[in-house]
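Quick caveat, the model's predicted, so the values are computed rather than measured. Start at 1 and go down the list; that is how both ligands and their atoms are numbered.
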Amino acid sequence: MNVRLHKVIAASGLTSRRQAESLIKAGQVTVNGRVVQTLGSNVDPASDHVKVNGRHLKPAAPEVFLLLHKPPGYVTTMKDPLGRPTIASLLEQVSLRVFPVGRLDYDAEGLLLLTNNGQVAQACLHPRYHVPKTYLVKVSGVLSGEEIHALRRGIQLEDGPTAPAMVKKAGIARVNSWIEITIYEGRKHQIKRMVEALGHRVVRLKRTRFGPLSLGDLRAGSYRYLTDSEANALREVFHRHSPPPSKDKILLRNDLKNPMRGVDTRRFFKKGSIPFKGQARPQALQPNRKGRRTRAYRGSQTRV
Ligand code: URA
């Protein structure tokens, strides 16, 4: 299979694609012993010998996508200068270097994607791609209908108004409220700041979905590899330049009957609370083709 030379160099982890092009132009790259300075040259990584400055390229690292259920009380970094527990301690069995795609606050929990694919990670975080992120939020006090509308329409924060969001009541309580909120941007402490702007406080924050991925019933502190179809759906994000869902569409989707469809929240709510009163309940997990309730990890993605 022929692949562009600069891509092969970048895929080995040596440099970025742009830097690889500079190396090629500078005559620092040889293919089968001959200097190649033409940008856009193709090579077959399986049979051609590519060297940069006389050294063979390392084989490209296999691509990995992990979904971690981050518990509260962990920082979303691999090292913490303050000595707090980091997500690295939950990933000790993973031998390849992966990095988190975005962040969850120290006290937040839920779905965290990790990968070694920089392009997909960048696309997932870039505001242009409007990747939806869904959170279950326990809010201090009882949110009024007007406050829920304000969250939907957008809240004025010090770094500008927030984009329209989907917001549903997810539970009724006398002291606190549960909401499910889907945002299409990813500003620092966004949910907390939105809620605080209304005079309330986030008591608990759990991310249940990230783009095409769902947390499902993965135990807190555990991780799993993405299925091939999930990994492909993520790669799609990178190829898609879709405009943000229109304000009308988002506000209309707020009226859907069952906002919690597909979210398995059974472990999230304390016994006795009634988050789904008057609403359809989330579906129980379906067994797979072999009748097991485990996920299929087979396929092209590497497990490390
Ligand atoms: N919004 C927040 O306030 N914190 C998070 O961790 C994620 C979204």
Side-chain angles (χ1 to χ4, degrees), residues 66-80 82 84-91 99-115 121-127 129-141 143 147-148 150-171 176-215 218 220-221 223 237 244-245 250 254 259-260 263 265 268:
L66 295 177
L67 193 158
L68 172 71
H69 183 162
K70 177 193 157 330
Y74 283 78
V75 271
T76 312
T77 50
M78 293 309 190
K79 275 189 195 146
D80 182 47
L82 301 179
R84 293 170 295 180
T86 70
I87 53 164
S89 62
L90 304 170
L91 301 166
F99 49 87
V101 179
R103 277 165 190 273
L104 279 173
D105 291 342
Y106 178 70
D107 54 353
E109 57 197 292
L111 192 163
L112 187 67
L113 172 68
L114 295 111
T115 184
Q122 264 185 0
C124 287
L125 297 176
H126 198 288
Y129 295 99
H130 313 287
V131 173
K133 292 161 266 293
T134 301
Y135 299 85
L136 273 172
V137 193
K138 185 177 182 181
V139 177
S140 66
L143 282 171
E147 285 171 326
I148 296 221
L151 288 170
R152 286 174 182 161
R153 278 192 306 264
I155 300 273
Q156 186 63 46
L157 300 178
E158 66 269 32
D159 50 353
T162 58
M166 292 228 305
V167 186
K168 300 282 178 190
K169 278 189 187 171
N176 298 305
S177 318
W178 284 98
I179 53 169
E180 188 203 47
I181 177 163
T182 301
I183 54 174
Y184 296 84
E185 34 180 12
R187 301 196 221 162
K188 208 168 178 194
H189 309 311
Q190 180 164 343
I191 305 283
K192 286 181 184 163
R193 289 194 291 141
M194 287 169 79
V195 166
E196 278 161 20
L198 296 173
H200 295 269
R201 198 170 43 82
V202 167
V203 179
R204 196 165 168 192
L205 181 63
K206 182 178 190 180
R207 183 154 67 198
T208 54
R209 284 188 235 172
F210 182 87
L213 310 175
S214 283
L215 185 62
L218 188 66
Y223 67 87
V237 169
I250 294 176
N254 278 309
M260 308 301 283
V263 181
T265 53
F268 192 45

Original post:
What's the spacing between L125 CG and E185 CD if we round to 0.5 Å?
Top reply: 13.5 Å

Original post:
Roughly how far, to the nearest 0.5 Å, is OG1 of T162 from CZ of R153?
Top reply: 10.5 Å

Original post:
For R201, which residues count as a side chain to side chain contact (heavy atoms under 4.5 Å, CB included) partner, sequence neighbours excluded?
Top reply: S140, V203

Original post:
By side chain to side chain contact (heavy atoms under 4.5 Å, CB included), which residues pair with D107, not counting sequence neighbours?
Top reply: D105, K192

Original post:
Could you give the distance from OG1 (T77) to CD1 (I87), rounded to the nearest 0.5 Å?
Top reply: 7.0 Å

Subject >> Neighbour list for ligand 1 [protein residues, heavy atom under 4.0 Å] >> reply: L104, D105, A108, Y135, H189, Q190, I191, K192, L205

Subject >> Under the side chain to side chain donor-acceptor pair (under 3.5 Å) test, residues paired with R103 that sit two or more places apart >> reply: none

